[in-house]
Amino acid sequence: MNTEDVIRTFVEYFEERGHRRTTGSTLLPPPGDPVLFTTSGMHPLTPYLEGRPHPLGNRLVNVQRCLRTTDLEEVGDLTHLTVFEMLGTWSLGDYEGPRSLSWGYELLTEGFGIDPGLLHATVFGGDDQVGLDTASLEVWQERGVPVELTVEDNWWDNGPTGPCGPDSEFFLWTGEGPPRSTPTRDDRWVEVWNHVMMRHRKLPDGSLVPLPQRNVDTGLGLERLASLLQGRTSVFECDVFTPWRRLVPPLWPLDEATLRLVCDHLRSAMVVIGDGVRPANTGRGYVLRRLVRRLLTALWRDDPSRTVGDLPDELFLHTRDHFRQETGLDEVRRVLCEEERRFLGLLERGRQVLARPRFRGPLDEEDFHYLHDTHGLPRELVVNLRQQ
Ligand code: SER
């Protein structure tokens, strides 16, 4: 089952159960939202979870692209991606958690053919504000799925204030042999789907008040599920990375972790540019700039003559089509190449400045400020150049 089949199966399953697919899945949050990029499937739906009626009704399904920079240092391992897609479903004050979990169980086991014996669930165990989630616990007990109770790991919020609630998560066993232990004790249990019973709002003083309606918000990482269904433990081995794995190594021989980082950052940069962002020194543009500089730094470690200008069109096309974007290939390539040229120029200037006697010894805060303010050299770049 490739990722397109996974999306189709998921969306159709929920459409058959009265959900409407929401349109639009850009990485850019709506105007007025303080966050730079959409970080989860529920993000654009926040006003509707808080009670505003949604024009498509109270059962929704969607595929939402998300960008997370909190995990940037983890990219290169088996599971982290900067830009990824989340499949999601929402009950806006309609059905409650048990029905959502039952449908989720049926879709995973019957729709996607996952062996029920490889599933584990986690459920909110209760704290001094909200009690044990007995309704979810009963769903799992009826189906004979083992359950682990946790407190922090089964509470979902999107920041210090706003909609939040207890959640119940599906885990899939990825180890050799029969399942062992529990999700919090053995990381061969991989989280695949989170169902949040979103019925509270957290106030700045930490107290909870009920939302005007009882919602369910679920989210499932597309690439992670697709990899597991394809029998892979690494997201970089699922079908969305097939052209990358075929075309990048002959161009640039890289070790596995660097290959993953370069492919992730390049693909993410293409999507961000496709959604209309351009490199800049602040905000979204700075996130894009950082991604490009990180990947070029990794790429040039062994061979400074490598250039993103050599990337085949197929990679640009594949990314654009997968994310259903419209920005022309030449434009995306032009932005990447121009940013590469700018970075090269900055590195050259940095090397010249750092060769001055004043900067031979250890640098203090004043030096970093001077290098930044007078020569436009960011601290990260200065540190990198001094390590070379
Ligand atoms: N909001 C939850 C998450 O991001 C479920 O969609 O995991």
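Atoms within a ligand are numbered from 1 in the order they appear, just like the ligands themselves. Residues: numbered from 1 along the sequence shown.
Residue, atom and distance of the protein heavy atom nearest to atom 1 (N) of ligand 1 are Asp217 OD2, 2.7 Å. Protein heavy atom closest to atom 3 (C) of ligand 1, with residue, atom name and distance, is Trp156 NE1, 3.4 Å. Shortest contact from atom 7 (O) of ligand 1 to any protein heavy atom: Asn194 ND2, 3.4 Å.
With hydrophobic clusters built from ILVMFWY side chains whose heavy atoms lie under 4.5 angstrom apart, Val63 does not share a cluster with Leu28.
With a 4.0 Å heavy-atom cut-off, ligand 1 is reached by the backbone of Thr218 but not by any atom from C-beta on.
For the pair Gly219 and ligand 1, the shortest N or O to N or O distance falls below 3.5 Å.
Contact atoms of ligand 1 toward Met42: 1 (N) (distance under 4.0 Å to a heavy atom of the residue). The atoms of ligand 1 that sit less than 4.0 Å from any heavy atom of Ser40 are 4 (O). Within ligand 1, the atoms closer than 4.0 Å to a non-hydrogen atom of Met86 are 3 (C), 4 (O), 7 (O), numbered from 1 in the order shown.
Residues His19 and Tyr95 place their aromatic rings such that the two centres sit under 6.0 Å apart. In this structure, the ring of Trp155 has its center less than 6.0 angstrom from the ring center of His200.
Using cut-offs of 30° and 60° for the angle between ring planes, the Trp193 and Phe10 rings count as tilted.
Judged by the 6.0 Å distance and 45° axis criteria, Arg267 is positioned over the aromatic ring of Phe241.
Every heavy atom of His195 sits 4.0 Å or more from the atoms of ligand 1.
Applying the salt bridge (charged side-chain N to carboxylate O under 4.0 Å, His left out) test between Arg289 and each of Glu339, Glu340, Glu338 identifies Glu339 as the sole match.
Gln64 contributes a side-chain N or O that, together with a main-chain N or O of Thr26, makes up a donor-acceptor pair within less than 3.5 Å.
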